[in-house]
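First the structure, in the form of structure tokens, and then the observations on it.
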Amino acid sequence: MDWIREKHPGEGGPAAIGIMGGTFDPIHYGHLVTAENARHFFGLEQVIFVPAYRPPHKEDRRISPPQHRLAMVRLAIASNPHFKVSDMEISRRGPSYTIDTVLTMQRCYPAARLFFITGADAVLEILSWHRVTELLESCIFIAATRPGYQLGQLRQNLASLPEALLRRILTMEVPALAISSTDIRQRVREGRPVKYLLPEAVEEYIYRQVLYRGS
Ligand code: NAP
């Protein structure tokens, strides 16, 4: 099967921008490596991190307040001149539909090709996303996979998409995604180390703000 392509060098062209979507609770090196690899591999001019205000499928799950997640992203990307952060989903409030974000980015960068970068597990459910056809017509998806990720489930879930749209979903394996936000939150809760899993400034922020201590 070739419709989920593993590699797509130079896809970006000169005016290509990555939109890095996620909850980032907290941001970690897996996310940063994903963004940097996508930037390099697809020739993106910049990658804009967009922390979700409320991921649409997480209405019932407790996530950290958006100002903390945004602050941690700011700290994490500070040293990379190609990385930016946008608070557009946080300012917009309500469910963070990716189509709204992509259409806003289109208005901000009318000449650019847009790439939406996120985790493959999020993309698994893309058929249930708001205005999915329009979304896939508006940007190319880069679904980052953890080591050992089996593409079978993704292929199965996407099988009903028309070929032309399937071709707009690319996958990229990122070994550093062995790190996960869930694991980091659990480590902090249990008093285990998180050093070297995320930038020091983010680690300090977590301890200073006493995040992830509750159940
Ligand atoms: P999630 O369910 O928290 O994450 C699914 C998996 O992907 C997790 O393993 C996660 O690892 C990983 N992941 C998340 N963002 C990543 C990134 N940028 N790079 C690499 N791995 C990433 O997913 P989510 O954060 O809630 O949603 C992802 C994005 O999809 C968000 O921007 C969200 O708003 C969007 N979304 C939109 C719709 C819609 O428009 N209807 C529906 C669902 C999701 P970590 O836990 O380690 O991050």
Side-chain angles (χ1 to χ4, degrees), residues 18-39 41-42 44 47-64 66 69-70 72-73 76-77 83-105 114-139 141-151 153-154 157 169-188 194 197-199 202 206 212:
I19 305 166
M20 181 76 171
T23 309
F24 305 122
D25 193 19
I27 190 166
H28 53 67
Y29 280 130
H31 299 129
L32 295 168
V33 172
T34 299
E36 183 62 9
N37 282 1
R39 187 187 73 76
F41 202 73
F42 296 93
L44 310 179
V47 178
I48 305 173
F49 287 67
V50 186
Y53 174 69
R54 203 172 70 214
H57 59 301
K58 284 186 183 160
E59 308 258 339
D60 52 349
R61 214 201 79 189
R62 249 186 65 196
I63 54 176
S64 302
R69 296 183 285 107
L70 178 66
M72 290 189 282
V73 172
I77 67 166
F83 289 177
K84 277 188 176 176
V85 61
S86 165
D87 67 354
M88 74 168 69
E89 292 193 351
I90 291 173
S91 312
R92 201 165 65 220
R93 298 178 167 261
S96 303
Y97 293 123
T98 300
I99 183 66
D100 296 335
T101 303
V102 168
L103 293 180
T104 304
M105 288 290 186
L114 299 178
F115 290 71
F116 187 79
I117 311 161
T118 197
D121 278 340
V123 179
L124 268 181
E125 305 301 328
I126 198 169
L127 291 191
S128 68
W129 289 23
H130 202 46
R131 291 154 64 189
V132 63
T133 303
E134 192 184 353
L135 177 62
L136 286 171
E137 284 166 354
S138 308
C139 67
F141 262 70
I142 302 174
T145 64
R146 299 197 141 91
Y149 187 90
Q150 301 295 318
L151 289 175
Q153 187 63 53
L154 189 58
N157 285 23
I169 303 176
L170 315 175
T171 61
M172 181 178 75
E173 188 177 289
V174 182
L177 273 179
I179 301 171
S180 86
S181 299
T182 307
D183 176 55
I184 290 173
R185 292 194 301 271
Q186 192 169 342
R187 282 169 171 269
V188 173
V194 293
L197 300 177
L198 73 186
V202 178
I206 289 171
Y212 313 127

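Small disclaimer: the values here were computed from a predicted structure and weren't measured. Counting convention: from 1, in listed order, for ligands and their atoms alike.
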Point-to-point distance, once rounded to the nearest 0.5 Å, from CZ of F49 to CZ of F24: 6.0 Å
I117 CD1 to H31 NE2 distance, which is reported to the nearest 0.5 Å: 12.0 Å
Sub-4.0 Å heavy-atom environment of ligand 1, residues by chain: M20, G21, G22, T23, F24, H28, H31, T34, A52, P55, P56, H57, K58, S96, Y97, T98, F116, I117, T118, G119, D121, A122, W129, H130, R146, L177, S180, S181
4.5 Å side-chain heavy-atom contact, R146 and I179: no
I19 and C139, any side-chain heavy atoms less than 4.5 Å apart: no
Pairing residues for R39 by the salt bridge (charged side-chain N to carboxylate O under 4.0 Å, His left out) criterion, not counting sequence neighbours: E36
E89 side chain to D87 backbone, donor-acceptor under 3.5 Å: no
